[in-house]
Amino acid sequence: MSEAFNVADIFGEDVFNDTVMQERLPKKVYRDLKKTIEEGKELDLATADVIAHEMKEWAIEKGATHYTHWFQPLTGVTAEKHDSFISAPMPSGKVLMSFSGKELIKGEPDASSFPSGGLRATFEARGYTAWDCTSPAFVRKDAAGATLCIPTAFCSYTGEALDQKTPLLRSMEAINIQALRLIRLFGNTTSKKVTPSVGPEQEYFLVDAKKFQQRKDLIYTGRTLFGAMPPKGQELDDHYFGTIRQRIAGFMRDVNIELWKVGVTSKTQHNEVAPAQHELAPIYAPANVAVDHNHLVMQTLKRVAGQHGLKCLLHEKPFAGVNGSGKHDNWSLITDDGKNLLDPGKTPHENIQFLLVLTCILKAVDEHADLLRESAADPGNDHRLGANEAPPAIISIFLGDQLEDVIEQLVSTGEATHSLKGGKLKTGVRTLPDLAKDATDRNRTSPFAFTGNKFEFRMVGSRDSVAGPNVVLNTIIAEAFSEACDVLEQAEDFEMAVHDLIKQYATDHQRIIFNGNGYSEEWVKEAERRGLPNISSMVEAIPALTTEKSVAMFEKFKVFTRAELESREEIKYENYAKAINIEARTMIDMASKQFVPAFIKYTKSLANTVIAVRDAGADASVQSDLLNEVSGYLAETKRALETLMKVTEQAAAMPEGGDQARYYHSDVVPAMEALRAPVDALEMIVDKEAWPMPSYGDLIFEV
């Protein structure tokens, strides 16, 4: 039995949070730092020196020997360089432990060694990490000991963003400015700041580490490139919310403890739909903190899995035939005095500010659906989006019956006079109370769903940072708020003008609303009729980054420059090509060295059996038929392997960029599928003892 403990006693114990700062910093230094955090005031070096000293002393008390600027380059993962606290030795032979304000505020990693999309040449190495003081520093404890981690942004010597965090912070400032403009129009003079609040749910798979090590595809690519479905998959729905197995429960407990210590509010855990699939969800946090925390979640899941003899798979589609994994990015806007701009209240038809916010969001998502889709583009997500499990690749908004009815009233009559009520849910059991129902149902097939007082963007891939999607959400909605405020601030009759604007936005962008089944073929046809884009792959989505419309918007709100957008476009094409190249070469390696030799050995065994049975004078027709079937699939495997080798070589020889990525998508991916088909068919025939690696059944049911 695990030792009992009180979560409140350990929560945040390894975080340099507000409580620690109040206790350790001189009052003036604490006030200056709070002004920097809350108002963006510049921090002078003398103040930074005091903060750095106290942070170092606190970290050393926690066992820390090193510090690192912890940042998010465009690699999809975090990066860090560790420096110890020791300084030059004293004459006595002892060393001083020091950490200056300059070291706290700024670091200098090699910018040329990270993806820059041409922003940095090989000889242009200098880059800077800058302390994000709005995201608390923390001490991480692992096999390396204890390390003080300082969340930072990462920029080039010439100021371009080379990371995920810098544009996120820029976008948060953009929506703060525009949201304040909007609420001032409605008489709010007390709120000083509006912050995007984010709660990213995290899905993942767990498999046994020993079985993982026997699969080259999992090792090199994070997903199974071959594999036939076992007799049972997820069709009984018995894994979803089922009793958590003891081995997994022990893993989840340790994950929670590690996360709680570093201040991550791990709240919900459960089995997901597919066998061996699970989910973890935190409580909401400011967008930049939520992004940092989600990276901590992913790192902790992987680290703790190893301690339990498990491997955590974060790929969007590690197994064909069962649901893949994503993130649900729950997004809302909160003022510094606790008001949620997405709270409709009990009578949303009378809540004019909410209706303006809502219709601005309709406008933003409709006008920039391609950009929002691109923010969730990932090679792994190509296997998931629109595959009757995740949201479809078509962007639409689910509002629910109540808000859809309000919008329809506005569009048809020009005003909304009532809101649908939730009523009572009668259970039919005398001993159970009647329950108050929400005014609307939920829709798990919608990519962008309103869920009471927030929007849930369900497209994000399970491996990906949620920074990109939130950069897009913040910026497109800041643009919509800005355009609305431009109109309303000039209006002679505000009430009439806001009424007209809400009706106009609702009418012009009603096509983006869809409350039905997003998985159906009928919706695909209906979306086409409405003129909504259906972007099925990453390579088709990437160009949305650099359209004139996107560039103009991002430059207007100082979130990205054209050069930064073009660099990200280049990086994404390269990443797609590299990911598919690795997968293709892994398939070639596995087929050449494992499958084909195993099939040849098995056909020899079958041939010997046919001869032996015939020599014994018995009917060998069954054995002969099986030999012919296996030989046919073996020949098909060999042909498909040769084709894949040829197109992969051709793709690799092409210049890096859009054309190469598109060739990988159009020619290499189908060749990979063609190789997989006969191998998976043979898995259903070949003796299990002759199969060279663990099967799907071994991986997802023997955890």
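All figures in this text were calculated on a predicted structure; none of them were measured in a lab.
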Self-check item: Nearest non-hydrogen partners of Phe226 and Arg676, listed with the distance
Solution: C-NH2, 3.6 Å
Practice problem: Verify, without hydrogens or angle tests, whether Thr265 (side chain) and Pro282 (backbone) share a donor-acceptor contact under 3.5 angstrom. | Solution: no
Self-check item: Test side chain to side chain donor-acceptor pair (under 3.5 Å) applied to Glu316 and Arg463, Lys327, His383, Arg384, the passing residue
Solution: Arg463
Self-check item: Stepwise side chain to side chain contact (heavy atoms under 4.5 Å, CB included) test for Lys165 and Asp292
Solution: CA-CA 9 Å; Lys165 174 163 279 193; Asp292 288 351; 2.6 Å; yes
Exercise. For Phe251 and Leu301, work out which heavy atoms get closest and say how close.
Key: CE1-O, 3.6 Å
Practice problem: Could you tell me which non-hydrogen atom of Leu675 sits nearest to which non-hydrogen atom of Ala591, and how far apart they are? | Solution: CD2-CB, 4.1 Å
Quiz item: Is a salt bridge present between Arg662 and Asp659, judged by a nitrogen-to-oxygen distance below 4.0 Å?
Solution: yes
Quiz item: Hey, what's the ring geometry for Trp523 with Phe514, parallel, tilted or perpendicular (30° and 60° as the breaks)?
Solution: parallel
Quiz item: So, do Tyr664 and Tyr576 have ring centers that fall under 6.0 Å from each other?
Solution: no
Quiz item: Do Asp254 and Gln307 have a side chain donor and acceptor closer than 3.5 Å?
Solution: no
Quiz item: Are any of the side-chain nitrogens in Arg247 or Asp208 under 4.0 Å away from the carboxylate oxygens of its partner?
Solution: yes
Practice problem: Indicate the atoms forming the closest heavy-atom contact of Ile395 with Phe457, along with that distance. | Solution: CD1-CE1, 4.2 Å
Quiz item: Below 4.5 Å, heavy atoms only, C-beta onward: do Leu296 and Trp70 meet side chain to side chain?
Solution: yes
Quiz item: So which of Asn294, Val291, Asn470 actually passes side chain to side chain contact (heavy atoms under 4.5 Å, CB included) with Val198?
Solution: Asn470
Quiz item: Any ion pair linking Lys646 and Glu642 (charged N to carboxylate O, less than 4.0 Å)?
Solution: no
Quiz item: Strictly under 6.0 Å, is that where the ring centroids of His239 and His278 end up?
Solution: yes
Quiz prompt | Contact check, side chains of Tyr663 and Val647, non-hydrogen atoms, under 4.5 Å | solution = yes
Quiz item: How are the rings of Phe241 and His270 set relative to one another: parallel (under 30°), tilted (30 to 60°) or perpendicular (over 60°)?
Solution: perpendicular
Self-check item: Asp698 side chain to Ser695 side chain, donor-acceptor N/O pair below 3.5 angstrom
Solution: yes
Quiz item: What pair of heavy atoms forms the shortest contact from Val207 to Phe319, and how long is it?
Solution: CG1-CZ, 3.9 Å
Quiz prompt | Minimum heavy-atom distance Ala584-Thr648, with the two atoms named | solution = CB-OG1, 3.5 Å
Practice problem: Using only heavy-atom distances, determine whether the side chains of Glu569 and Thr546 contain a donor-acceptor pair under 3.5 Å. | Solution: yes
Exercise. Verify whether one side chain among Asn323 and Glu272 offers a donor that lies under 3.5 Å from an acceptor in the other.
Key: no
Quiz prompt | From CA spacing to verdict: salt bridge (Lys or Arg N to Asp or Glu O under 4.0 Å), Glu80, Arg140 | solution = CA-CA 12 Å; Glu80 52 196 65; Arg140 186 186 63 212; 2.5 Å; yes
Practice problem: Test Lys572 against every option in Glu540, Glu566, Glu374 by the salt bridge (charged side-chain N to carboxylate O under 4.0 Å, His left out) rule and name the one that passes. | Solution: Glu374
